[in-house]
Protein chains: 2
Amino acid sequence: MRIGELAERTTLSRDTIRFYERNGLIHSAPGEASSNSYRDYPDETVERLAMIREAQNAGFSISELALFISQLEGSSVEAGFDVEAFLERKIGEVEDKIRRSEKFLDALRATKRALARPDTG
Amino acid sequence: MRIGELAERTTLSRDTIRFYERNGLIHSAPGEASSNSYRDYPDETVERLAMIREAQNAGFSISELALFISQLEGSSVEAGFDVEAFLERKIGEVEDKIRRSEKFLDALRATKRALARPDTG
DNA sequence: ATAAACAATGGACAATTGTCAATGGTTTAT
DNA sequence: ATAAACCATTGACAATTGTCCATTGTTTAT
């Protein structure tokens, strides 16, 4: 599929998609028609971009994702990168982030209750 | 307390603390000694900065925090800003972020298990 | 066949969240 | 009294994560 369709399906901008591709998060092929320079994105890119969005939400940076993806793809360049250790570390980080967010959420709810009590607020 | 002690207690850099103050997240007073320009930070600033850290972890931006804090302090400048509505919206956002992170966490764990199975990986 | 929509590329620009370095003054420990 | 450590201010710099614009070429709808 071409970038416009991909953009529409993912609600990302073309520029964002190109940005991700420049950074190695997704890939494309030269496309059937030889006359143009249009790129062709595999269908799975839609889900891949959805996954990237969730990863970012969970605190992954672009460069972390790039590294991780390059490893999973076997296009590994970085020697001495332990994917499983990386995953374990990131799992711990996300768990921690969730725990902290939940605690903060409690504080937010308490603040809201306090504001709702006009005598104390 | 002076900025150095505050920095030490919060493990933030002096520059970060000044950055937050410039942005209205914390405040300081001119300090006792009249001869210098050293600022004096109230003790509660330690907890305030801890709270700010948690808020950022949960997805609050500096400007959101500045707005919110200015409202709680009554130093409101923005008319038509509904603190309770803001809180409610942010609570929803954090809840959503947590839910998504938990889902993503499952995916991460599944990936790790898959990698740990050498035949399938 | 032609205008409108789409695509690629390159580089500039922007918001956010800090960090660093220079300068000049103050406090504290020795 | 003097060096080391501290502080304020200013402005430059930097990483991250995109967005926008100009240019040029291609495809598609009319």
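The chains referred to below are lettered A, B, ... by the order of the sequence lines, with proteins before strands, and numbering in each begins at 1.
- Residue A:Gln56 places at least one side-chain N or O closer than 4.0 Å to OP1 or OP2 of D:dG18.
- No side-chain heavy atom of A:Leu6 sits under 4.5 Å from any side-chain heavy atom of A:Leu12.
- Judged as a side-chain contact (heavy atoms from CB on, under 4.5 Å), and not counting sequence neighbours, the contacts of A:Phe19 are A:Arg22, A:Asn23, A:Ile62.
- In the model, B:Tyr41 has no side-chain atom that pairs as donor or acceptor with a side-chain atom of B:Glu5 under 3.5 Å.
- Rounded to an integer number of Å, the gap from B:Arg18 CZ to C:dT17 C1' is 17 Å.
- Taking atom CD of residue A:Glu32 and atom C1' of nucleotide D:dT27, one finds them 16 Å apart after rounding to whole Å.
- B:Thr11 and B:Arg53 are linked by a side-chain donor-acceptor pair at a separation below 3.5 angstrom, with hydrogens and angles left out of the test.
- With C:dA8, D:dG18, D:dC7 as the candidates, the nucleotide lying closest to the side chain of A:Thr16 is D:dG18.
- Applying the 4.0 Å criterion to OP1 and OP2 of D:dT17, one finds that A:Tyr20 has every side-chain N and O outside that range.
- Atom CD in B:Glu8 sits roughly 12 Å away from atom C1' in D:dC6 (whole-Å rounding).
- Taking 4.5 Å as the limit, every side-chain heavy atom of A:Tyr20 sits out of range of all side-chain heavy atoms of A:Thr45.
- In this structure, B:Glu5 atom CD and D:dC7 atom C1' are separated by 14 Å, rounded to whole Å.
- Contacts of B:Glu47 classified as side-chain contact (heavy atoms from CB on, under 4.5 Å), with partners at least two apart in sequence or in another chain: B:Glu44.
- Applying the side-chain contact (heavy atoms from CB on, under 4.5 Å) criterion to B:Leu67, with sequence neighbours excluded, gives B:Glu78, B:Phe81.
- Comparing atom distances between the A:Ile62 side chain and each of C:dA7, D:dG18, C:dT27 picks out D:dG18 as nearest.
- Contacts of residues 38-54 of chain B with DNA chain D (heavy atom under 4.0 Å): B:Tyr38, B:Arg39.
- Protein atom CG of A:Leu12 is 17 Å distant from nucleotide atom C1' of C:dA7, rounded to whole Å.
- Distance, A:Ile26 CD1 to D:dG18 P: 12 Å, rounded to whole Å.
- Summary of the strand contacts: B:Ile3 and A:Ser61 both lie near DNA chain D, and taking for each the nucleotide with the nearest heavy atom, the more 5' one is attributed to B:Ile3.
- Heavy-atom minimum distance, B:Ile26 versus B:Glu21: O-CG, 3.6 Å.
- No side-chain N or O of B:Tyr38 forms a donor-acceptor pair with one of B:Glu32 less than 3.5 Å apart.
- Note: CZ (A:Arg2) to C1' (D:dG25) measures 13 Å, nearest angstrom.
- Note on residues 93-114 of chain A: pairs passing ring-ring contact (aromatic ring centres under 6.0 Å, His included), not counting sequence neighbours, are A:Phe104-B:Phe60.
- Of all nucleotides listed (C:dT26, D:dT19, C:dT9), C:dT26 comes nearest to the side chain of B:Asn36.
- The nearest heavy atom of DNA chain C to B:Ser13 and to A:Arg14 marks one nucleotide each, and the one closer to the 5' end goes with A:Arg14.
- Here C:dA7 presents its P atom at 20 Å from CZ of A:Phe19, a figure rounded to the nearest Å.
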Show me the protein contacts with nucleotides 11-14 of chain C, counting only N or O atoms at under 3.5 Å.
none

